Structures are given as C-alpha cells and as structure tokens.
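Quick note: residue numbers are just sequence positions, from 1. None of the values given here were measured: they were computed from a predicted structure.
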Amino acid sequence: MAEHNKATNELEEEIAERLRVHPDACLRIGNFGFIELEDSWGDEATIVNTARISTTNNRLANAESFSERDRHLLYQLLRDQHGTPFETVYFRFRFVAPIFVLRQWVKHRISSWNEFSMRYRKPISEAYVPDLAARTVDGYAVLDEESIAEYEALMAQLFTWYEKQYGDACSRIDAARADGTLPAKSGGRDPYRGRARELLRNVMPVAAYSDVYWTVNFRSLMNFFRLRRKPDAQYEIRQYADAAYLLFARRLPLLASTMEQILAESHS
C-alpha cells in the first residue's frame, strides 16, 4: 500500500491510543478498520421506567436493582416489540470503515451520521484489502494471491497519484499568489486548495477508508443488528455489525442476553 499521509498517520496513532485507554470499548477490524462504542445514554432501567410511566411513580436506579418481575417486563417489552421505550437509550459509535461499507450502513437512516470529509481534508491513504476469509466462498478463493497483489498495487497508485496532483496544484496556487495572478490568502478555508481537493477526491475508490460518528437509539440499533448480522449479509458489514454487537453487549449485558433469548425462541 502507498505510504501514509500525515492525516492517516495521526489517525493510526489515535486508534492505537483509544485501544490502549479503552480496550473494552474498541476493536480493530480488517487491515485498517476500527470501531469504538464511545458513549451511551440510558440503560435497561431507563427502558422499564419509560414503559411504566403511566402506571407507577416508582423508579429503578439501574439494572442491578432489577427484581425477577422487572426482568420479565423487559423481556415482554422486547418480545412484543413495544418500540418507544427502546428509543430512550442511545449509543454513539465511532468507526473507520471502507466507503462501500458506509454506503450500506447509511441506509439505516433513523440515526445521526457525521462523516470525515475529503472536501476539507486529504483522504485516508489506506484501502481495504480482503483477507483470505473475505475472498473465500465454500472453501474456494475467488481471488488468488496474484490478484490481491495487483489490487494493492492499484490502490497504492491511486493514493500516490492524489498526493502528487494535490501537491502540484498547491504549488501552482502558491506561484499564482506570488506573481499576483491570485489574491493573497485570507483567513479561513482556502477556496483554491479546497476546489482541488473536491475534484481530486473523485478518483478515490470505494475501498478507501472513511471515518464516521454514528449516534443511534436502541430500537434502530436492534434493526441494524437483525439485518447486518444475518449469515447472508455482506461479509465486511457483518464484521462491523458483529463488533458493534459485542461492544453493546459488554455495555448492557442484561439487554443483550434478553435479546438473545428472544431470538433463540423465535428460531426454535
């Protein structure tokens, strides 16, 4: 792969630091992928308290204070698909994933989505490379090692081309400023360099990585898990969905085990 640019090196260092400081909330995926459950609001008690608002003023402090009756209510709410109580619990994930994965992920629209922008920054100079599991179907590798080597070389060529073209464009802009063809740069975003980035990002492949904050309530998150963890979901997004589920289960184990119980009952 091409040599990483400065922004990509900084991102790599940040990922390493997040893994060091919050190892239970972070996971690496593939050759450059990453996901972290940065924060969450509410818990199993929030769901039960919300559901009981019309019948009682008694409030549970947390899941540790649950009686068997409280656990059964949580089970009933989830089993019978009482939607709105599950919209009161929120999660904020940050993930670094290939653009083709993002195109599938963003279809889950009932959420908030904030993505790295190549209008304002250089691209992340790393592309997804499928490992052996990703390119194997029923024991047969659909792409061989030679194909993967050519794939990596092509990705590296694109990133190298971008860096050269952007560097040349910046040099021409600086020269035009020096000879008075263009006005001197004022504060804020440089419109000339910005336009160069806007045009040059067009060559970036969907295998290139991007960086996203995703804020989602549990009702929508359940739907994401249900669809993207299925065996027939695409391999790459399934990896991210499984990782997100593992991080969620670590954060709210009672809710996760209740959901697994209901799924097991529905399958049987």
Problem set entry | From CA spacing to verdict: salt bridge (Lys or Arg N to Asp or Glu O under 4.0 Å), D131, R135 | CA-CA 7 Å; D131 59 16; R135 52 192 168 91; over 6 Å; no
For this session: Determine, stepwise, if the pair V106 / R109 fulfils side-chain contact (heavy atoms from CB on, under 4.5 Å).
Result: CA-CA 6 Å; V106 77; R109 294 185 300 275; over 6 Å; no
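- For R94 and Y213, the positive end sits near the middle of the six-membered ring, less than 6.0 Å away and at most 45° from its axis.
- Atom CD of E146 is surrounded by 12 or fewer heavy atoms from other residues, nucleotides or ligands within 6.0 Å.
- A208 approaches F159 most closely through the heavy-atom pair CB-CZ, 4.2 Å.
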For this session: Might you work through the side chain to side chain donor-acceptor pair (under 3.5 Å) test for H4 and E126, ending with a clear yes or no?
Result: CA-CA 7 Å; H4 288 170; E126 183 72 37; 2.4 Å; yes
For this session: For E44 and R71, run salt bridge (Lys or Arg N to Asp or Glu O under 4.0 Å): C-alpha distance rounded to whole Å, both residues' side-chain angles, the deciding distance at 0.1 Å, then the answer.
Result: CA-CA 9 Å; E44 295 92 343; R71 291 189 185 90; over 6 Å; no
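- Not one N or O on the side chain of R59 forms a donor-acceptor pair closer than 3.5 Å with the backbone of A45.
- Of the possible donor and acceptor atoms, none in the side chain of R201 sits under 3.5 Å from a partner among the backbone N and O of M118.
- Test E14, E12, K6 against E10 for side chain to side chain contact (heavy atoms under 4.5 Å, CB included) and you get one pass: K6.
- Across A134 and Y128, no two heavy atoms sit closer than the pair CB-OH, 3.3 Å.
- Between the CD atom of E38 and the CZ atom of F95 there is a distance of 12.0 Å, given to the nearest 0.5 Å.
- Although no hydrogens or angles enter the test, the distance criterion places a donor-acceptor pair under 3.5 Å between the side chain of N62 and the main chain of E64.
- Two different hydrophobic clusters hold Y90 and I35 under the rule that ILVMFWY side chains link at heavy-atom gaps under 4.5 Å.
- With respect to K185 and D190, no salt bridge is recorded, no charged nitrogen being found less than 4.0 Å from a carboxylate O.
- Between the R228 side chain and the A241 main chain, no donor and acceptor come within less than 3.5 Å of each other.
- Linking Ile, Leu, Val, Met, Phe, Trp and Tyr whenever their side-chain heavy atoms come within less than 4.5 Å puts L255 and F66 in one cluster.
- Under the 4.5 Å side-chain contact rule for hydrophobic residues, L143 and V137 share a cluster.
- Pairing each heavy atom of P205 with each of I99, the nearest pair is O-CD1, 3.9 Å.
- Both L247 and Y240 are part of a single hydrophobic cluster, where members link through side-chain heavy atoms under 4.5 Å apart.
- Taking the ring centroids of W214 and F91, they lie at or beyond the 6.0 Å cut-off.
- Proximity of a side-chain donor or acceptor of S67 to a complementary backbone N or O of D70 within less than 3.5 Å is detected.
- Y166 OH to S171 OG: the interatomic distance, rounded to the nearest 0.5 Å, is 10.5 Å.
- Among L60, N58, D43, the single residue meeting the side chain to side chain contact (heavy atoms under 4.5 Å, CB included) criterion with N49 is L60.
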For this session: Tell me, with the steps shown, if F93 and W113 meet ring-ring contact (aromatic ring centres under 6.0 Å, His included).
Result: CA-CA 10 Å; F93 291 91; W113 186 274; over 10 Å; no
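- Residues F248 and Y245 bring their aromatic ring centres within 6.0 Å.
- Taken together through direct or relayed side-chain contacts under 4.5 Å among Ile, Leu, Val, Met, Phe, Trp and Tyr, Y235 and L227 form parts of separate hydrophobic clusters.
- Of the inter-residue distances, the one linking R197 atom CZ with R119 atom CZ reads 9.5 Å to the nearest 0.5 angstrom.
- At distances below 3.5 Å, at least one donor-acceptor pair connects side-chain atoms of S220 with backbone N or O atoms of I110.
- The shortest heavy-atom contact between M204 and L158 is CE-O, 4.1 Å.
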Problem set entry | Y209 vs F116, side-chain contact (heavy atoms from CB on, under 4.5 Å): CA-CA, chis, key distance, verdict | CA-CA 10 Å; Y209 280 90; F116 166 95; over 6 Å; no
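- With hydrogens and angles ignored, the 3.5 Å screen pairs no side-chain donor or acceptor of T258 with any backbone N or O of Y75.
- The line from CZ of R121 to CG of N5 is 9.0 Å long, rounded to the nearest 0.5 Å.
- Note: R229 CZ to I237 CD1 = 13.0 Å, rounded to the nearest 0.5 Å.
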Problem set entry | Evaluation steps, side-chain contact (heavy atoms from CB on, under 4.5 Å), between W161 and V203 | CA-CA 9 Å; W161 184 88; V203 304; 3.7 Å; yes
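- At distances below 3.5 Å, at least one donor-acceptor pair connects side-chain atoms of T8 with backbone N or O atoms of S125.
- Ion pairing between E163 and K122 holds under the 4.0 Å rule for side-chain N and carboxylate O.
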Problem set entry | side chain to side chain donor-acceptor pair (under 3.5 Å) between R92 and T215, intermediate numbers included | CA-CA 4 Å; R92 184 176 70 242; T215 307; 5.4 Å; no
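- Remark: the backbone N or O of V129 is paired with a side-chain donor or acceptor of N31 at under 3.5 angstrom.
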Problem set entry | Worked check of side chain to side chain donor-acceptor pair (under 3.5 Å) between S147 and D144 | CA-CA 5 Å; S147 299; D144 60 17; 2.8 Å; yes
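- Counting heavy atoms of neighbouring residues, nucleotides and ligands inside a 6.0 Å radius, atom CG of D232 exceeds 12 of them.
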For this session: Begin from the C-alpha positions of E198 and R189 and carry the test salt bridge (Lys or Arg N to Asp or Glu O under 4.0 Å) through to its verdict.
Result: CA-CA 13 Å; E198 288 171 348; R189 178 173 177 261; 3.3 Å; yes
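- For the residue pair D24 and R250, the shortest heavy atom distance occurs at O-NH1, 2.8 Å.
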Problem set entry | Derivation and outcome, side-chain contact (heavy atoms from CB on, under 4.5 Å), residues I15 and R28 | CA-CA 9 Å; I15 288 172; R28 292 304 305 256; 3.6 Å; yes
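- The backbone N or O of E87 lies less than 3.5 Å from no partner atom in the side chain of R219, so there is not a single donor-acceptor pair.
- Nearest heavy atoms, L77 versus A51: CD1-CB, 3.6 Å.
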